[in-house]
**Student:** 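This is the structure I have questions about; it appears just below.
Owing to the predicted nature of the structure, the values given are computational and were not obtained by experimental measurement. By convention here, the first residue in the shown sequence is residue 1.
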Amino acid sequence: MDQLVQILADNARLTSQQLAAMTGSTPQEVEKRLAALQSEGVIRGYKAVVDWDKAGRDFCTARIELKVTPKSGMGFDEIASTIAQFDEVESVELMSGGYDLGLTVTGKSLQDVAMFVAQRLAPLDSVVSTATHFVLRSYKQGGIMTCGQEQDEREGA
């Protein structure tokens, strides 16, 4: 794996000068390599991991399991691509096991997510069944702890 890619995956806020020092390159070489990685589609974007509870943004996240019927000649790609176009959908992954596609969906409320599933997702021709699991609390995202060590109220004193 490219050393520069691994460093950026851990911390995308490093400057070209810092990346150069870490890779034994010049800042100009790093910037040229970054431009190439972006144009090749290796680097798709840079994103902060945010603890939305602390940031004060109210919204609901759900994991949705989908069983689908793949289209002949296209496999799962066509339905996955169609689903990925919805604004509510944060991620779509092809899965092994008991279901075919795993989705992460966000909405303003549980009802918004439920209505999205019922009115827009479930009616798609290829969708056979859905199972929605609402995220109650996030402890770790993208390898970063997002929750302190507060005691869960259900654990008792």
**Student:** Walk me through it: do His133 and Glu65 pass the test side-chain contact (heavy atoms from CB on, under 4.5 Å)?
**Tutor:** CA-CA 8 Å; His133 309 275; Glu65 301 171 359; 3.1 Å; yes
**Student:** Measure the spacing between CD1 of Ile7 and CD of Gln18 and express it to the nearest 0.5 Å.
**Tutor:** 10.5 Å
**Student:** Counting distance only, does the side-chain N/O of Ser81 pair as donor-acceptor with the main-chain N or O of Glu78 below 3.5 Å?
**Tutor:**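 Side chain of Ser81 to backbone of Glu78: no pair is present.
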**Student:** Could you state the interatomic distance from CG (Leu4) to CD1 (Ile43), rounded to the nearest 0.5 Å?
**Tutor:**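 That separation rounds to 6.0 Å.
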**Student:** Provide the closest heavy-atom pair for Val30 versus Ser25 in the form atom of the first, atom of the second, distance.
**Tutor:**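 Answer, listing the atom of Val30 first, then Ser25: CG2-CB, 4.0 Å.
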**Student:** Under 4.5 Å between any side-chain heavy atoms of Arg120 and Glu88, yes or no?
**Tutor:**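 Side chain of Arg120 against side chain of Glu88, heavy atoms only: contact under 4.5 Å found.
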**Student:** For the CD atom on Glu93, are there more than 12 heavy atoms of other groups (residues, nucleotides or ligands in this structure) within a distance under 6.0 Å?
**Tutor:**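 Above 12, so yes.
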**Student:** If I take atom SG from residue Cys60 and atom CG from residue Asp112, how far apart are they, to the nearest 0.5 angstrom?
**Tutor:**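 Here the rounded value is 8.5 Å.
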**Student:** If two hydrophobic side chains count as joined below 4.5 Å and joins carry through other members, does Leu94 share a cluster with Val127?
**Tutor:**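 Hydrophobic grouping puts Leu94 with Val127.
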**Student:** Of the non-hydrogen atoms in Phe59 and Gly107, which two are nearest, and what is the gap between them?
**Tutor:** CB-O, 3.1 Å
**Student:** Indicate if Tyr99 and Val117 have the same hydrophobic cluster label, given that clusters are the connected sets of ILVMFWY residues with side-chain heavy-atom separations under 4.5 angstrom.
**Tutor:** no
**Student:** Tell me if a side-chain donor or acceptor on Glu29 pairs with a main-chain N or O of Thr26 at a distance below 3.5 Å.
**Tutor:** yes
**Student:** Rounded to the nearest 0.5 Å, how far apart are OG of Ser138 and CG of Leu136?
**Tutor:** 11.0 Å
**Student:** Hydrophobic cluster membership, with links at side-chain heavy-atom distances under 4.5 Å among I/L/V/M/F/W/Y: are Met74 and Leu124 in one?
**Tutor:** no
**Student:** Below 4.5 Å, heavy atoms only, C-beta onward: do Asp2 and Arg33 meet side chain to side chain?
**Tutor:** yes
**Student:** Looking only at atom types and distance, does a side-chain atom of Asp100 sit under 3.5 Å from a main-chain N or O of Lys67, one as donor and one as acceptor?
**Tutor:**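 No; zero donor-acceptor contacts below 3.5 Å.
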**Student:** Give the C-alpha distance, both sets of side-chain angles, the deciding distance and a yes or no for side-chain contact (heavy atoms from CB on, under 4.5 Å) between Phe76 and Met95.
**Tutor:** CA-CA 10 Å; Phe76 294 98; Met95 306 298 293; over 6 Å; no
**Student:** Please determine whether residues Leu121 and Val89 belong to a single hydrophobic cluster, defined as Ile, Leu, Val, Met, Phe, Trp and Tyr linked transitively by side-chain heavy-atom distances below 4.5 Å.
**Tutor:**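 Both belong to a single hydrophobic cluster.
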**Student:** Evaluate the side-chain hydrogen bond (donor to acceptor under 3.5 Å, both in side chains) criterion for residues Gln3 and Thr23: first the C-alpha distance (whole Å), next the side-chain angles of each, then the deciding distance (0.1 Å), finally the verdict.
**Tutor:** CA-CA 7 Å; Gln3 181 185 19; Thr23 60; 5.4 Å; no
**Student:** Could you tell me whether Lys71 and Asp77 have a side-chain N and a carboxylate O separated by less than 4.0 Å?
**Tutor:**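 The answer is no: the pair does not qualify as a salt bridge.
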**Student:** Of Thr104, Thr106, Thr61, which is the lone residue that meets side-chain hydrogen bond (donor to acceptor under 3.5 Å, both in side chains) with Glu90?
**Tutor:**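 Only one of Thr104, Thr106, Thr61 forms a side-chain hydrogen bond (donor to acceptor under 3.5 Å, both in side chains) with Glu90, namely Thr106.
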**Student:** What distance do Phe116 atom CZ and Lys108 atom NZ have between them, rounded to the nearest 0.5 Å?
**Tutor:** 15.0 Å
**Student:** Can you tell me how far CE of Met145 sits from OH of Tyr139, rounded to the nearest 0.5 angstrom?
**Tutor:**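 These two atoms lie 9.5 Å from each other.
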**Student:** How far apart are the closest heavy atoms of Gly75 and Pro70, and which atoms are they?
**Tutor:** O-CB, 3.3 Å
**Student:** Would Leu8 and Asp10 count as a side-chain contact (heavy atoms from CB on, under 4.5 Å) if you check the C-alpha gap in whole Å, the side-chain angles of each, and the deciding distance to 0.1 Å?
**Tutor:** CA-CA 5 Å; Leu8 288 172; Asp10 293 335; over 6 Å; no
**Student:** Grab the two heavy atoms, one from Ala122 and one from Ala118, that are nearest each other, plus how far apart they are.
**Tutor:** CB-O, 4.2 Å
**Student:** In this structure, would Phe134 and Val105 fall into the same cluster of hydrophobic residues linked by side-chain contacts under 4.5 Å?
**Tutor:** yes
**Student:** If you count heavy atoms of other groups shown closer than 6.0 angstrom to CG of Asp125, is the number above 12?
**Tutor:**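 No - once you tally the heavy atoms of other residues, nucleotides and ligands closer than 6.0 Å, there are 12 at most.
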**Student:** So, the side chain of Arg44 versus the backbone of Gly41: is there a donor-acceptor pair under 3.5 Å, distance only?
**Tutor:** yes
**Student:** Taking all atoms of both residues into account, what is the closest heavy-atom pair of Pro27 and Ala20, and its distance?
**Tutor:** N-CB, 3.5 Å
